[in-house]
Amino acid sequence: KNYISAKGFSYENGLIEDFYLSLKSKPFVILAGISGTGKTRLVKLFAEAIGATSSNGRFKLVPVRPDWSDSTDLFGHLDLNGNFVPGAIIDFVKKAELDNGHPYFLCLDEMNLARVEYYLSDILSVIETRDFDSTGRIVSTPLITDTYFGTAANAARRYGNVLLPENLYIIGTVNMDETTFPFSRKVLDRANTIEFSHVNLIPPDFETSLELPSALNLPNTFLKTEYLMLAQCHDENTFILDLCYELNSLNKILETANVHVGYRVRDEIVFYMVNNKKFELLSRNEALDYEIMQKILPRIQGNSSAIKHMLCDLFKFCAGDYEGYQTDNNEVGTVMLKVVKTSTCKYQQSATKIAFMVRRYEEDGFTSYWIYLYTDKIAITLKGQSTHPNFQQAQYTETKSDFKVFCKDEFSLSIAGYQDSISPTLNGSAYTGMYITAPIFYEQQNYEIIIEATDNHSIAFWHDNI
């Protein structure tokens with residue numbers, strides 16, 4: 001922590017401890033937030049502080065490409081001549097496997113420029129097969145077997161079976177805005193998602209930080225998990241039982257909007273909490289507050305009234321009862337924000353986040369991180385990168401892109417970032433014309449389009465490049 005601070009980066013109290021506990025509980029963490037908040041730098045500095053650097057080959061930064069669509073982009077593929085072309089991480093993963101005494105850090109920078117559940121699918125599946133062998137080593141099913149290399153005999157001899165090393169820690173950085181792909185629950189269930197919202201532009205006192213603390217050279221035991229199944233925490237039975245009763249109460253609230261969690265999320269929260277209890281890094285409530293933020297809230301989005309009612313009940317769980325405020329009142333979010341600013345909540349961060357989510361629901365009719373178009377008849381979500389993959393410096397005003405919606409009934413359309421409301425034409429279509437502040441879209445990019453209709457209204461959607 002002192003090493004990172006001496007490098008000129010200041011993070012919220014508890015965030016470094018939270019990052020450590022997240023890695024200790026499961027070697028897959030997502031760092032989310034706006035661009036420039038130090039997500040990638042945290043990974044690099046944390047790795048440096050315990051002895052993993054680019055120069056010794058134990059830290060690797062991999063920029064994710066928007067065209068990644070499956071695991072061959074990570075591990076490699078056979079070309080037309082039958083020669084094996086290594087992927088972005090296969091050599092790094094194999095090196096970690098052969099040097100399992102030291103931690104290795106793989107940072108997937110801007111990991112949601114492509115669909116994570118597509119290109120990372122093999123790792124997401126194999127990470128769930130981990131178990132301890134008779135020697136205490138963590139083993140899993142292979143990521144790829146020697147048959148993967150086909151007729152490329154040299155590659156088969158060089159790599160053989162590639163396992164998921166017990167000393168490999170995967171951290172993805174993402175910008176949670178309308179230019180990137182969202183995460184499926186498959187991804188969110190398997191990761192701790194740490195949100196970066198705090199920025200302190202005041203650097204540390206240079207007079208007291210001229211001497212840089214020495215980096216350590218720690219073994220993998222510093223980060224290696226001790227728990228892969230709930231039964232392995234048997235020495236903390238009372239603590240775990242109390243925690244699970246509380247998680248069960250929380251899950252009943254989530255169930256009312258069909259966003260409840262399963263055993264995997266329960267177990268990973270328990271592992272995090274048990275590790276925190278063992279190392280005494282955070283208070284019990286602070287630790288569970290982080291886990292609600294990281295394992296529960298990222299799963300919640302939608303525009304139904306059930307979402308708002310559930311969020312209100314979840315706010316009561318985190319902040320305490322706020323009796324007298326009705327969920328059909330459109331100023332509940334504002335009241336919630338006053339509560340979290342003037343009161344000490346049991347789970348302060350989570351209560352604050354829920355208040356913002358409710359306020360957004362009341363302002364926009366939904367709560368979501370992504371571009372979301374909403375009319376009386378339909379709701380359309382367009383998710384994807386809003387810049388050209390090869391010319392990201394292109395200015396919005398230099399390119400025209402029409403975003404059109406059709407509905408058999410008359411409707412009005414508003415777009416976040418677009419100043420004027422759009423009136424329908426006689427045939428029921430509407431389009432934006434030249435974008436000014438709203439994003440533009442390119443046919444070279446991949447997009448996910450979600451169209452929701454109400455009351456069986458007929459809708460059609462198309463996207464014109466001009």
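What you are looking at is a predicted structure, and each value in this text was computed from that prediction instead of being measured. Only this structure's heavy atoms are used, side chains among them; waters, hydrogens and symmetry mates stay out.
Centroid-to-centroid, the aromatic rings of Tyr104 and Tyr169 stay 6.0 Å apart or farther. Checked against the 6.0 Å centroid criterion, the rings of Tyr148 and Phe75 do not qualify as a close aromatic pair.
Using a 3.5 Å distance cut-off with no hydrogens or angles, the side chains of Thr72 and Asp70 do pair a donor with an acceptor. A donor and an acceptor atom, one from each side chain of Tyr272 and Asp18, are located under 3.5 Å apart. Between the side chains of Thr145 and Asn161, no donor-acceptor pair is found at a separation under 3.5 Å.
A perpendicular orientation is assigned to the rings of Tyr119 and Trp68, their planes being inclined by more than 60° (bins at 30° and 60°). Ring geometry, Tyr20 versus Phe222: the interplanar angle falls from 30° to 60°, so the pair is classed tilted.
Residues satisfying the side chain to side chain donor-acceptor pair (under 3.5 Å) test with Lys44, not counting sequence neighbours, are Glu48. By the side chain to side chain donor-acceptor pair (under 3.5 Å) test, Arg190 pairs with no residue at all, sequence neighbours left out. Not a single ring pair (Phe, Tyr, Trp, His ring centres under 6.0 Å) links Phe28 to another residue, sequence neighbours left out.
Figure legend: cation-pi geometry between Arg115 and Tyr118, with NZ or CZ positioned under 6.0 Å from the six-membered ring centre and within 45° of its axis. Under a cutoff of 6.0 Å and an axis angle of 45°, Lys277 and Phe239 form a cation-pi pair.
Residues Val174 and Lys39 share a closest heavy-atom pair of O-CE, 3.2 Å. Annotation for Asp289 and Ser350: closest pair OD1-OG, 2.6 Å, computed over non-hydrogen atoms. For Cys318 against Cys345, the heavy-atom pair with the smallest separation is O-CB, 3.8 Å. Of all the heavy atoms in Met310 and Ile253, the pair that sits closest is CG-O, 3.2 Å.
Contact of the Ser140 side chain with the Ile127 side chain is not registered, since no non-hydrogen atoms from C-beta on lie closer than 4.5 Å.
Screening residues 75-90 for side chain to side chain donor-acceptor pair (under 3.5 Å), with sequence neighbours left out, gives no hits. A salt bridge (Lys or Arg N to Asp or Glu O under 4.0 Å) check over residues 152-168, counting only residues at least two apart or in different chains, returns the pairs Asp91-Arg158, Glu166-Lys224. Residue pairs meeting the side chain to side chain donor-acceptor pair (under 3.5 Å) criterion with at least one member in residues 120-134, sequence neighbours excluded: Lys26-Glu128, Ser71-Asp122, Glu128-Arg264, Thr129-Thr141, Asp133-Thr135.
In summary, of the residues considered (Phe105, Phe196, Phe46), a ring-ring contact (aromatic ring centres under 6.0 Å, His included) with Phe19 occurs for Phe46 alone.
Ion pair Asp189/Arg299 flagged as a salt bridge, since at least one NZ, NE, NH1 or NH2 atom sits closer than 4.0 Å to an Asp/Glu carboxylate oxygen. Classification of Lys252 and Glu255 as a salt-bridged pair fails, no side-chain N sitting under 4.0 Å from a carboxylate O.
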